[in-house]
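For reference, the structure is listed below as structure tokens.
One-based numbering, in listed order, for ligands and for the atoms of each.
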Amino acid sequence: MLRYWTAGESHGKTLIALVDGFPAGVTIDTDVIDVELKRRQGGYGRGGRQRIETDKVDVRTGVWHGMTLGSPIALEVVNRDYKLERLDDLPRPRPGHGDLTGAIKFLGSIRGILERASARETAVRVAAGALAKQLLSAFDITVFGYVTEVGGEEIKPVEGTLDELRAIRDKSELYGLNLERDPAIKALIDRAGKDGDTLGGIIEVRVDGVPFGLGTHAQWDRKLDGRLAQAVMAVQAIKGVEIGMGFEAARRPGSQVHDPIHYDASKKETSSLGYTRPTNNAGGLEAGMTNGQPIVIRAAKKPISTLAKPLESINLDTKEPEEASYERSDVCAISAASVIVENVVAFEVACAVVDKFGGDNLPEMLGRYELFLKMARDR
Ligand SMILES: Cc1cc2nc3c(=O)[nH]c(=O)nc-3n(C[C@H](O)[C@H](O)[C@H](O)COP(=O)(O)O)c2cc1C
């Protein structure tokens with residue numbers, strides 16, 4: 001069973017992800033993880049924190065001569081902006097944060113809540129996901145995330161191969177797939193910033209090369225659609241998750257929703273085993289299992305809760321109405337969120353791969369994978 005936990009505060013000494021159950025025999029390239037960490041720090045509309053940090057992963061345990069040992073892997077990203085001991089509490093809770101509820105629940109400070117609730121923690125979630133991608137790449141599974149909407153404005157993806165789309169995304173300051181839209185969207189973010197306001201958006205993640213049968217229909221907590229939704233929804237500020245056609249499926253008759261099943265023997269050697277679907281409205285998942293089509297998952301991110309023009313709040317000491325506190329903040333973090341969502345999806349798919357093909361070591365997993373493909377083709 002592959003899983004991970006994280007530890008660390010936003011302005012604490014360090015951030016840690018402890019990855020348990022990662023198979024032995026996977027070659028790890030830390031530069032690949034660092035590229036993802038850098039992408040998480042980027043995107044148009046970020047605040048001052050990203051100019052202070054230059055995130056790099058330090059693999060502290062579980063890897064020897066660049067290869068995983070099958071033992072727990074501790075990933076560390078050190079905070080340059082360590083100043084927690086010098087920071088004061090916030091007197092006035094910010095609407096949209098855990099400030100008020102956390103301070104009441106734990107009978108303590110707002111600082112103690114916001115330091116852990118902050119999305120800074122996602123640096124090590126990204127590191128864990130980027131580690132998982134290196135396992136997935138042995139199975140030719142790719143995970144690709146991009147931004148499709150900012151503040152209600154669509155960035156309609158252009159068509160192209162995965163490599164072409166990746167090149168476009170990596171050129172875009174918004175991590176979208178239509179460079180012509182970037183100037184207008186950047187102007188929208190600038191305007192929001194000038195108005196002391198913030199913007200959210202929508203992210204799409206596509207997983208290609210997925211074999212049949214990851215996840216299971218047999219028990220609710222092992223359904224892969226449910227596992228993915230939980231992982232994505234647990235990213236800070238994500239307020240909605242859709243798989244495939246998502247909410248739109250509820251508005252259409254079944255004949256316009258469900259994907260017919262065809263067979264094309266020339267595609268027998270691919271991960272689809274030759275079963276083709278003219279549409280992929282199911283987003284690659286039926287009954288909690290992958291169906292040989294790409295997984296498509298979307299996430300809605302709310303606007304950043306800390307506003308430079310603060311909302312109404314209450315001073316927790318006096319109970320008098322006052323403006324919410326302000327902490328240095330992003331205006332729009334949808335691009336960074338797309339990197340986080342991409343990587344938490346990657347981790348969850350890797351968990352499902354380990355569940356299906358066994359998790360002791362990669363060569364054995366690959367052997368079982370090939371055997372499964374052969375038996376499934378003969379089915
Ligand atoms: C990449 C990313 C960056 C974020 N940056 C900020 C920020 O600068 N200021 C802020 O108030 N909230 C920021 N957030 C959102 C908060 O972390 C989040 O809204 C808060 O912890 C409350 O959790 P919830 O929105 O999931 O309910 C960011 C979220 C993400 C995903």
Kindly print each ligand 1 N/O atom paired with any protein N/O atom under 3.5 angstrom away, one pair per line, or none if nothing qualifies.
| from | atom 1 | to | atom 2 | distance (Å) |
| --- | --- | --- | --- | --- |
| ligand 1 | 5 (N) | Asp330 | OD2 | 2.9 |
| ligand 1 | 8 (O) | Ser329 | OG | 3.2 |
| ligand 1 | 8 (O) | Asp330 | N | 2.8 |
| ligand 1 | 8 (O) | Asp330 | OD2 | 3.2 |
| ligand 1 | 9 (N) | Ser329 | OG | 2.5 |
| ligand 1 | 11 (O) | His97 | NE2 | 2.6 |
| ligand 1 | 11 (O) | Thr306 | N | 3.2 |
| ligand 1 | 11 (O) | Thr306 | OG1 | 2.4 |
| ligand 1 | 21 (O) | Ala117 | O | 3.2 |
| ligand 1 | 25 (O) | Ala237 | N | 3.3 |
| ligand 1 | 25 (O) | Lys302 | NZ | 2.8 |
| ligand 1 | 26 (O) | Ala237 | N | 2.9 |
| ligand 1 | 27 (O) | Lys239 | NZ | 3.0 |

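- In the displayed structure, Lys302 atom NZ is contacted under 6.0 Å by more than 12 heavy atoms of other residues, nucleotides or ligands.
- Contacts classified as side-chain hydrogen bond (donor to acceptor under 3.5 Å, both in side chains) and involving residues 209-232 (residues at least two apart or in different chains) are given here: Arg227-Glu348.
- Figure legend: cation-pi geometry between Arg39 and Tyr175, with NZ or CZ positioned under 6.0 Å from the six-membered ring centre and within 45° of its axis.
- When only modelled atom types and interatomic distance are considered, Arg40 and Thr122 share a side-chain donor-acceptor pair under 3.5 Å.
- Applying the side-chain hydrogen bond (donor to acceptor under 3.5 Å, both in side chains) rule to Arg86 yields no partners; only residues at least two apart in sequence or on another chain are considered.
- Within the structure, ring-ring contact (aromatic ring centres under 6.0 Å, His included) pairs that include any residue of residues 3-38 comprise Tyr4-Phe347 (at least two apart or interchain).
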